[in-house]
Amino acid sequence: MNLKEKIEELNQMILTGKQMDAFEKYYHEDVIMQENSNPPTVGKSANRERELQAMQMIEAFHGAEVKSVAVGDNVTTSEWEMDVTYKGAPRMKMCQVAVQKWKDGQIINERFYYSN
């Protein structure tokens, strides 16, 4: 499976509610993940916990769409538009770009860019 096929499968898994299955399959044990300029979270275990906590903050998920995908030399980007309601907050549409760096067929580094 080439990198384009991997990122497309990863995104499809997320779109169909299989975020954690995608995480287990496509994220490296040494993954570093970062939200905007916040301090990075290091390691698969710590990032698994961060992902689960983020999912618990969602009251209702109304949908998402991948607007574009780009593939380079061991790097991919996905532009997302999501419609969510977070607990205690109004419904909102959120645009985000995720940049993934790959090593040994898995994501070793991922950074999310979005406006607050």
Side-chain angles (χ1 to χ4, degrees):
M1 187 180 282
N2 65 37
L3 207 52
K4 184 177 188 313
E5 293 167 331
K6 287 181 180 190
I7 192 62
E8 287 176 351
E9 181 179 68
L10 171 72
N11 289 343
Q12 190 58 39
M13 290 175 81
I14 292 168
L15 287 168
T16 57
K18 298 176 184 170
Q19 297 93 320
M20 296 314 295
D21 291 337
F23 181 82
E24 296 304 330
K25 181 174 183 176
Y26 283 111
Y27 287 75
H28 195 279
E29 282 299 318
D30 299 324
V31 66
I32 297 170
M33 298 174 77
Q34 185 174 6
E35 305 273 337
N36 284 326
S37 295
N38 294 331
T41 303
V42 179
K44 192 168 188 173
S45 179
N47 277 294
R48 181 183 298 109
E49 183 60 32
R50 186 188 59 76
E51 288 289 321
L52 290 170
Q53 287 176 3
M55 290 169 52
Q56 290 174 357
M57 293 171 51
I58 297 173
E59 183 175 305
F61 182 77
H62 308 287
E65 182 181 358
V66 177
K67 302 301 247 177
S68 67
V69 173
V71 178
D73 187 19
N74 288 319
V75 65
T76 56
T77 63
S78 297
E79 178 187 13
W80 287 82
E81 186 174 283
M82 294 169 278
D83 186 1
V84 297
T85 302
Y86 288 99
K87 291 178 182 174
R91 182 173 176 170
M92 65 180 273
K93 286 202 176 191
M94 181 177 150
C95 296
Q96 168 182 285
V97 174
V99 179
Q100 302 92 6
K101 295 178 183 170
W102 296 73
K103 176 183 175 184
D104 301 327
Q106 292 186 308
I107 297 168
I108 190 72
N109 185 286
E110 183 169 49
R111 189 166 179 184
F112 302 98
Y113 298 90
Y114 53 89
S115 61
N116 292 334

Nearest 0.5 angstrom please: [X] [atom1] to [Y] [atom2], how far?
{"X": "Lys6", "Y": "Ile107", "atom1": "NZ", "atom2": "CD1", "result": "10.0 Å"}
{"X": "Glu8", "Y": "Lys4", "atom1": "CD", "atom2": "NZ", "result": "3.5 Å"}
{"X": "Ile32", "Y": "Tyr27", "atom1": "CD1", "atom2": "OH", "result": "13.5 Å"}
{"X": "His28", "Y": "Glu110", "atom1": "NE2", "atom2": "CD", "result": "14.5 Å"}

(message) I'd like to know if the side chain of Asn36 and the backbone of Ser115 have a donor-acceptor N/O pair within less than 3.5 Å.
(response)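 Pair absent, no side-chain N/O of Asn36 close to backbone of Ser115.
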(message) Keeping Asn47 on the side-chain end and Thr41 on the backbone end, is there a donor-acceptor pair under 3.5 Å?
(response)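 Side chain of Asn47 to backbone of Thr41, a donor-acceptor pair under 3.5 Å: yes, one is there.
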(request) Check whether any side-chain heavy atom of Asn74 sits under 4.5 Å from a side-chain heavy atom of Lys103, and report yes or no. (result)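 Side chain of Asn74 against side chain of Lys103, heavy atoms only: no contact under 4.5 Å found.
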Same cluster or not: are [X] and [Y] linked, directly or through other Ile, Leu, Val, Met, Phe, Trp or Tyr residues, by side-chain heavy atoms under 4.5 angstrom apart?
{"X": "Met13", "Y": "Leu10", "result": "yes"}
{"X": "Met92", "Y": "Phe112", "result": "yes"}
{"X": "Met1", "Y": "Phe23", "result": "yes"}
{"X": "Trp102", "Y": "Val99", "result": "no"}
{"X": "Met82", "Y": "Leu15", "result": "yes"}

Pairs under 3.5 angstrom only: tabulate donor-acceptor contacts from the side chains of residues 51-62 to other protein residues two or more places apart or in another chain.
{"from": "Gln53", "atom 1": "NE2", "to": "Glu49", "atom 2": "OE2", "distance (Å)": "3.1"}
{"from": "His62", "atom 1": "NE2", "to": "Thr85", "atom 2": "OG1", "distance (Å)": "2.7"}

(request) Measure across Tyr114 and Cys95 and return the closest heavy-atom pair with its distance rounded to 0.1 Å. (result)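 Closest approach of Tyr114 to Cys95: CB-O, 3.3 Å.
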(request) Report, as yes or no, whether the 6.0 Å neighbourhood of atom NZ on Lys44 holds more than 12 heavy atoms from other residues, nucleotides or ligands. (result)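 Enclosed.
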(request) Report the C-alpha separation of Arg111 and Ser37 in whole Å, then their side-chain angles, then the decisive distance to 0.1 Å, and conclude whether the side-chain contact (heavy atoms from CB on, under 4.5 Å) test is met. (result) CA-CA 9 Å; Arg111 189 166 179 184; Ser37 295; 3.7 Å; yes
Let me check something: any side-chain donor-acceptor pairs from residues 65-72 under 3.5 Å, sequence neighbours excluded? List them with distances.
{"from": "Glu65", "atom 1": "OE1", "to": "Lys67", "atom 2": "NZ", "distance (Å)": "3.4"}
{"from": "Ser68", "atom 1": "OG", "to": "Glu79", "atom 2": "OE1", "distance (Å)": "2.9"}

(request) Identify which one of Arg48, Lys18, Gln19 satisfies the side chain to side chain donor-acceptor pair (under 3.5 Å) criterion when paired with Glu24. (result)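 For Glu24, the side chain to side chain donor-acceptor pair (under 3.5 Å) test succeeds with only one of Arg48, Lys18, Gln19, which is Arg48.
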(message) Between Gln100 and Tyr26, is there a side-chain donor-acceptor contact under 3.5 Å, judged purely by atom types and distance?
(response)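 No donor-acceptor contact under 3.5 Å links the two side chains.
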